[in-house]
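Note sheet for the following structure.
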Amino acid sequence: MKVIKTVKELQTEIAAMKKSGLSVGLVPTMGALHAGHISLVKRSVEENDVTVVSIFVNPTQFNDKNDLLKYPRTLEADCLLLQQAGVAIAFAPSVEEVYPEPDTRSFSYAPLDTVMEGAFRPGHFNGVCQVVSKLFDMVKPDKAYFGEKDFQQLAIIREMTRQLELPLEIVGCPIMRESDGLAMSSRNTRLSEAERETALNISRVLFESQRYAINHSLLETKSFVEQGIAAVEGLKLEYYEIVDARTMQTVQSWDEAEGIVGCITVFCGEVRLIDNIRYK
Ligand code: PAF
């Protein structure tokens, strides 16, 4: 596996691969890799001749500077995992390399990006689109892989790809969970042991709500989750929205959309965790 730090070197490598007719899969990450990332990587390795994994903590998508500072950085361990998974290139550029000048482009995919994470983290999705569009341009992948844990992000990246008519396939991959249900996240490493136990209640309440939803209305199910989280000391709900899986807009009844997903954001101490659950 090559660890590449500059765009120029990356592009030389990619050009040679493309010239040999090799298909390229891209897995964009911010590092601090866990089994969730590795599931995306494995899928890409299976489906493409070569896989490129980017490791870049993108400053433009952090609206909270403290979150950016505290974001875990574990490049050496990450590279070891990627090597074992059969990755051809780990691309780990500096901020200056990705943004030699400030990125003044703005991306707006309303109403997909105005709700939930878009409402609570102003500018977040603009930053995500800035970096993902740059990575797509640098790597020119045939397929790019994103996790469904960031359910709204995946919808927005699909929409960006569609509107920009980019010639690649976006592949969404299921949430990976710890054996006790907690959704895997790089931010989990910031939880103390006690907080880790408390955080477990998020997926517990979501799974219980899936069973509850079978014979209760959508609004009752929403309250069930809100009350379930409120009952846990140490958790603070930011939002829980039950949305149309395609449009990200809230729905009021189970028959209002073909696919329905509940999206949650909860603070566990200082750590902001997200998760989601599919109802239909
Ligand atoms: O999901 C993430 O880790 C990031 O938002 C992404 C897609 C790598 C862009 O920085």
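Atoms within a ligand are numbered from 1 in the order they appear, just like the ligands themselves.
In this structure, the ring-ring contact (aromatic ring centres under 6.0 Å, His included) partners of Y212, at least two apart in sequence or on a different chain, are H216, F224.
Remark: ligand 1 atoms within the under-4.0 Å shell around heavy atoms of V131 are 9 (C), 10 (O). Taking every non-hydrogen atom of Q61 and a distance limit under 4.0 Å, the qualifying atoms of ligand 1 come out as 4 (C), 5 (O), 9 (C), 10 (O). Which parts of ligand 1 touch Q153 is read off a 4.0 Å heavy-atom cut-off, strictly below it: atoms 1 (O), 2 (C), 4 (C), 5 (O), 7 (C).
Using a 4.5 Å cut-off on side-chain heavy atoms (C-beta onward), I274 and D150 make contact.
Residue M176 belongs to a hydrophobic cluster whose other members are M184, with links defined by side-chain heavy atoms closer than 4.5 Å.
A distance-only check finds no donor-acceptor pair linking the side chain of K143 to the backbone of N48 [under 3.5 Å].
The nearest protein atom to atom 3 (O) of ligand 1, hydrogens excluded, is given as M30 CG, 3.7 Å; this is a heavy-atom distance.
If you look at Y71 and F62, their ring centroids are closer than 6.0 Å.
Contacts between I157 and ligand 1, counted as non-hydrogen atom pairs separated by less than 4.0 Å, are absent for every part of the residue.
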